Amino acid sequence: MKILVTGGAGFIGSMFVRLVLDRYSDDSVTTLDLLTYAGNPANLLDVQGDPRHRFVHGDIADAALVDELVAESDAIVNFAAETHVDRSLLDPSAFIRSNVHGVYVLLDAARRHGRRMVQVSTDEVYGDIPEGSFSKEVDALLPRSPYAAAKAGGELFCRSSFVSFNVDVLITRGANTIGPRQYPEKVVPLFVTNALRGEPLPVYGDGLQVRDWLHVEDHAAAINRVLRGGRAGEIYNIGADNERPNIEVVRALLAHLDRPESLIAFVPDRPGHDRRYALDWRKIRDELGWEPRRSFDRTLFDTIDWYVTNDDWWRAIRDGSDTFSNYYQRQYGWRLAAAGRDGETVTTS
Ligand code: TYD
């Protein structure tokens, strides 16, 4: 199979590219990626030179380019997206372009050429989930952040393309994913790299928000199952049953790195912060036989160890240009100042 992987230079996308090339010797992959701040050619270094992989620098919203690439492919898996809730609160415009319009452009090409498309979405489309309940695929979409609203919008175009035009499109909704090569704005890589630098870990609000933590290799394997065995028009939740309050994750992370809890800084909360996401993922297990392979500890500790070992990868992002530091200052400058922790660097070794 020839697979077009959009957003393949990103965190989950690059893991999926690697999985396909490793496991399926008859498959080939074209990665289409715009290489915005989070897309990183370094994420694909180990497949560079593989004759079954081709990289194309471009935009999923570029209809002519997408049409050409979809025509040459058997299937599309769309990882291309703006993904960070905090950035969507600062400026949602790029989210609407990639997560809604970009998805529409891909769907339109899938329709014209009769191709299967997997849309990689998120548990955040369900919104805040009360203690004791778990979102099912049939539940209402109640997004609460601009990011989640844009992802839900993209999903609704998928649904309408299936219903109106019979496009062979499937949706996955993944839990919070961690692992190698995640841009260090997300909580785990941000906190690991801050801890390694002796800088405070800015915990929003009371730190009792709950997320379900999924390893990126487990997530990529689930998407692969959906691509190869899923039913057209269906939605599949991808969870891990690794629910933890943020503060517990932060304490485990510091203990694993042998850094002091005094690095924790409770800072003003994210507006509209969802307290909990939790998925019922029995459908993908029962229909497609997928299960996560990693426990919570393995998911977290393998992730931490990767950043410890791959210092060059994250230092190039954090120190290589102003992109990261400008964002960091805007997002955390006033929060750390409000907590009395600005300008703090502690020697922890
Ligand atoms: P994040 O990694 O941004 O994922 P999402 O918001 O998509 O779930 O955040 C995970 C949790 O960590 C979320 O409850 C927000 C919290 N968080 C902090 O407390 N401090 C931070 O600096 C960040 C980035 C997140």
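Ligands are counted one by one from 1 in listed order, and the atoms in each one are counted from 1 as well. In what follows, residues are counted from 1 in the order of the sequence shown. Note that the structure is a prediction, hence the values are computed from the model and not measured.
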### Task
Could you tell me whether R282 and D286 have a side-chain N and a carboxylate O separated by less than 4.0 Å?
no
#### Entry: Salt-bridge criterion met for R275 and D128 (N-O under 4.0 Å)
no
### Query
What are the atoms of ligand 1, with element, lying closer than 4.0 Å to any heavy atom of Y332?
21 (C), 22 (O), 23 (C), 24 (C)
### Message
Any salt bridge linking E344 with R341? Criterion: basic side-chain nitrogen under 4.0 Å from a carboxylate oxygen.
### Response
yes
### D274, portion touching ligand 1 at heavy-atom distance under 4.0 Å
neither
### Query
Applying a 4.0 Å heavy-atom criterion (strictly less than), which segment of V187 is in contact with ligand 1: side chain, backbone, both, or neither?
both
### Task
Show which atoms of ligand 1 fall inside a sub-4.0 Å distance from at least one heavy-atom site of H84.
3 (O)
### Query
Y37 vs Y183 aromatic rings, parallel, tilted or perpendicular, using cut-offs 30° and 60°?
perpendicular
### More than 12 heavy atoms from other groups under 6.0 Å of OH on Y104
no
### Query
Would you call R18-D46 a salt bridge at under 4.0 Å N-O?
yes
### Query
Looking at N246, which atoms of ligand 1 are within less than 4.0 Å of one of its heavy atoms?
11 (C), 12 (O), 13 (C), 14 (O), 16 (C)
### Message
Checking the N or O distance criterion of under 3.5 Å, is ligand 1 in contact with R270?
### Response
yes
### Query
Would R173 and E124 pass as an ion pair if we require N to O under 4.0 Å?
no
### Query
Taking both backbone and side-chain atoms of P202, is any N or O found less than 3.5 Å from an N or O belonging to ligand 1?
yes
### Query
Are R111 and F165 in a cation-pi contact, defined as NZ or CZ under 6.0 Å from the six-membered ring centre and within 45° of the axis?
yes
### Query
So between K186, H273, R275, whose heavy atom ends up nearest atom 13 (C) of ligand 1?
H273
### Query
Any side-chain heavy atom of V120 sitting closer than 4.5 Å to one from N78?
no
### Query
With atoms numbered from 1 as shown, which atoms in ligand 1 lie under 4.0 angstrom from a non-hydrogen atom of N176?
4 (O), 5 (P), 8 (O), 10 (C)
### Message
Geometry only, no angles: is F191 polar-contacting ligand 1 at N/O separations under 3.5 Å?
### Response
no
### Query
Going by the atom numbers of ligand 1, which of them fall below 4.0 Å from some non-hydrogen atom of V203?
19 (O)
### Query
Side chain or backbone of E185 under 4.0 Å from ligand 1, or both, or neither, by non-hydrogen atoms?
backbone
### Query
If we only count N/O pairs under 3.5 Å, is R211 in contact with ligand 1?
yes
### Query
Using 30° and 60° as the class limits, which term best fits the ring planes of F324 and Y328: parallel, tilted or perpendicular?
parallel
### Message
Please list the nearest protein heavy atom to atom 19 (O) of ligand 1 with its residue and the distance rounded to 0.1 Å.
### Response
Y204 N, 2.8 Å
### Message
Does only the side chain of Y147 get under 4.0 Å from ligand 1, or the backbone, or both, or neither? Count heavy atoms.
### Response
neither
### Task
Could you tell me which atoms of ligand 1, counted from 1 in the order shown, lie closer than 4.0 angstrom to a heavy atom of L190?
22 (O)
### Task
Considering only non-hydrogen protein atoms, determine which one is nearest to atom 5 (P) of ligand 1 and report residue, atom name and distance to 0.1 Å.
E124 OE2, 3.4 Å
### Task
Number the atoms of ligand 1 from 1 as they appear, then name those within less than 4.0 Å of a heavy atom of Q209, with their elements.
14 (O)
### Task
Measure up the W313 and Y307 rings against each other and bin them: parallel (under 30°), tilted (30 to 60°), perpendicular (over 60°).
perpendicular
